[in-house]
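Right, one structure below, let's go through it.
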Amino acid sequence: MATSPTTSSVTAEQSRAFWDDGYLALDRAVDPDDIAEVRALLDPLFDRISSTPRELVKDLSGDSAAAAPRIAEIIHTIDLEPALLNTRAFASLQQLSSVLLGARAHHVFDHAIYKPAHNDAATSWHQDAVYLPEGPVLRPAVHIWLPLQDATLENGCMHFIGGSHREVVGHHRRNHDPRTSVLETDHVDPTQAVACPIPVGGVTLHTPGTLHYTGPNRSDGVRRAWILHFRPELDWRGRVRSVRRQARARRRGTGTG
């Protein structure tokens, strides 16, 4: 059940619930007036999606035969539209992540998902950890899902499996289609899922290991969401150093264990 904190604040009880359950829903984390600022920057990216580099565009439905994305995803939206980094919404979400992490939060990834109206395609059950470039590891991180309108059961709000964030489970390509990069898992009991409808200005937050899903959009409007991943700044710096060490080792022709 979503709660209503002051913008960008979270209580000690909510923080404990986030780390214990692997997710948290808040009715208010961003000023609703700031959502329009984000939409004004993201909508044009999707208007010109056909000219966006193919490696930055995905169809999360996994339907490789579809003429147009049934669930359109653009990754690295801040790289494509740097003004997103200067929005009030971004500042609020970074501050919220810092509170949960107990350290300054560093942005490491972002993407946006636009699910068209009257769309029967659902985003499959998965853990974000399986997409991490360093492999499916469970690092302290906060992944924030910011809907750009009310998120309802009808238009595809988030669903979570509480306590599922403690281990990574097996995944496979969606619908077992080797042509798609979209992953899904069968290791989930949907009867244990908790739906998290939230109003505009609210967010859901989860860890990289938390199983989650969004349903079809059966509403009359596009269901828009901006998603940002934050890690503790020192952890991020350590990861960069580790990646650089591995690259140097590969150049020397040595392994890293």
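The shown structure was predicted, so the numbers you read here are calculated from the model rather than taken from an experiment.
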Side-chain heavy atoms under 4.5 angstrom apart, residues restricted to Ile, Leu, Val, Met, Phe, Trp, Tyr: same cluster for [X] and [Y]?
{"X": "Tyr213", "Y": "Leu183", "answer": "no"}
{"X": "Val169", "Y": "Val130", "answer": "no"}
{"X": "Leu45", "Y": "Phe90", "answer": "yes"}
{"X": "Ile75", "Y": "Leu85", "answer": "yes"}

Can you list the residues that meet the salt bridge (Lys or Arg N to Asp or Glu O under 4.0 Å) rule with [X], with sequence neighbours excluded?
{"X": "Asp43", "value": "Arg39, Arg224"}
{"X": "Arg16", "value": "none"}
{"X": "Asp34", "value": "Arg88"}

Counting N and O atoms only, with roles assigned by atom type, does the side chain of [X] sit under 3.5 Å from a partner on the main chain of [Y], one being a donor and the other an acceptor?
{"X": "Gln149", "Y": "Ala225", "answer": "no"}
{"X": "Ser15", "Y": "Thr11", "answer": "no"}
{"X": "Arg174", "Y": "Leu60", "answer": "yes"}
{"X": "Asn217", "Y": "Tyr114", "answer": "no"}
{"X": "His171", "Y": "Gln127", "answer": "yes"}
{"X": "Thr180", "Y": "Asp177", "answer": "no"}
{"X": "Ser164", "Y": "Leu211", "answer": "yes"}

Can [X] and [Y] be counted as having a side-chain donor-acceptor contact under 3.5 angstrom?
{"X": "Asp59", "Y": "Ser61", "answer": "yes"}
{"X": "His118", "Y": "Asp220", "answer": "yes"}
{"X": "His126", "Y": "Glu184", "answer": "no"}
{"X": "Asp128", "Y": "His206", "answer": "yes"}

Min side-chain heavy-atom separation [X]-[Y] under 4.5 Å:
{"X": "Leu84", "Y": "Trp226", "result": "yes"}
{"X": "Val57", "Y": "Ile49", "result": "yes"}
{"X": "Val10", "Y": "Leu205", "result": "no"}
{"X": "Ser92", "Y": "Val30", "result": "yes"}
{"X": "Ile227", "Y": "Asp110", "result": "no"}
{"X": "Thr214", "Y": "Arg223", "result": "yes"}
{"X": "His143", "Y": "Pro208", "result": "yes"}
{"X": "Tyr131", "Y": "Val182", "result": "yes"}

Nearest 0.5 Å, please: how far is [atom2] in [Y] from [atom1] in [X]?
{"X": "Ile144", "Y": "Thr204", "atom1": "CD1", "atom2": "OG1", "answer": "9.0 Å"}
{"X": "Leu146", "Y": "Ile35", "atom1": "CG", "atom2": "CD1", "answer": "4.0 Å"}
{"X": "Met158", "Y": "Ile198", "atom1": "CE", "atom2": "CD1", "answer": "8.5 Å"}
{"X": "Thr185", "Y": "Ile161", "atom1": "OG1", "atom2": "CD1", "answer": "10.5 Å"}
{"X": "Leu24", "Y": "Trp19", "atom1": "CG", "atom2": "CH2", "answer": "11.0 Å"}
{"X": "Lys58", "Y": "Ser181", "atom1": "NZ", "atom2": "OG", "answer": "3.5 Å"}

- Stepwise, does the side chain to side chain contact (heavy atoms under 4.5 Å, CB included) test hold for Ile71 with Glu73? CA-CA 6 Å; Ile71 305 176; Glu73 176 194 32; over 6 Å; no
- Criterion side-chain contact (heavy atoms from CB on, under 4.5 Å) against Leu96, the qualifying member of Leu101, Val142, Leu26: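 So, applying the side-chain contact (heavy atoms from CB on, under 4.5 Å) to Leu96 and each of Leu101, Val142, Leu26, only Leu26 qualifies.
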What's the shortest heavy-atom distance between [X] and [Y], and which atoms?
{"X": "Asn119", "Y": "Pro116", "value": "CB-O, 3.0 Å"}
{"X": "Ser219", "Y": "Asn155", "value": "OG-CB, 3.6 Å"}
{"X": "Arg231", "Y": "Ala141", "value": "CG-CB, 3.9 Å"}
{"X": "Pro140", "Y": "Pro232", "value": "O-CD, 3.4 Å"}
{"X": "Ala105", "Y": "Ser97", "value": "CB-CB, 3.7 Å"}

- Give a yes or no on this: more than 12 heavy atoms of other residues, nucleotides or ligands lie within 6.0 Å of atom CD of Glu55.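 Buried by this count: over 12 neighbours within 6.0 Å.
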- Before giving the answer on side-chain hydrogen bond (donor to acceptor under 3.5 Å, both in side chains), spell out for Thr191 and Asp189 the whole-Å C-alpha distance, their side-chain angles and the decisive distance to 0.1 Å. CA-CA 5 Å; Thr191 66; Asp189 179 0; 2.6 Å; yes
- Task: Please test Asp186 against His172 for side-chain hydrogen bond (donor to acceptor under 3.5 Å, both in side chains), starting from the C-alpha separation and ending with a verdict.
- Result: CA-CA 8 Å; Asp186 301 321; His172 58 79; 2.9 Å; yes
- Task: Show the numbers, then the answer: is there a salt bridge (charged side-chain N to carboxylate O under 4.0 Å, His left out) between Asp120 and Arg218?
- Result: CA-CA 7 Å; Asp120 286 333; Arg218 298 193 171 101; 3.6 Å; yes
- Query: Between Phe109 and His76, is the gap from one ring center to the other below 6.0 Å?
  - Reply: yes
- Message: Determine whether the aromatic ring centres of residues His107 and His229 are separated by less than 6.0 angstrom.
- Response: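 His229 vs His107: aromatic centres not under 6.0 Å.
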- Given side chain to side chain contact (heavy atoms under 4.5 Å, CB included), test Thr52 with Phe46 step by step and report yes or no. CA-CA 9 Å; Thr52 301; Phe46 284 85; over 6 Å; no
- Message: Working note: Leu138 + Thr207, criterion side chain to side chain contact (heavy atoms under 4.5 Å, CB included); need CA distance, chi angles, decisive distance, verdict.
- Response: CA-CA 8 Å; Leu138 299 178; Thr207 75; over 6 Å; no
- Item | Worked verdict on Arg70 versus Lys115 for side chain to side chain contact (heavy atoms under 4.5 Å, CB included) | CA-CA 7 Å; Arg70 297 177 66 195; Lys115 193 174 290 190; over 6 Å; no
- Any idea how Tyr23 and Phe160 line up, ring-wise: parallel (<30°), tilted (30 to 60°), or perpendicular (>60°)? parallel
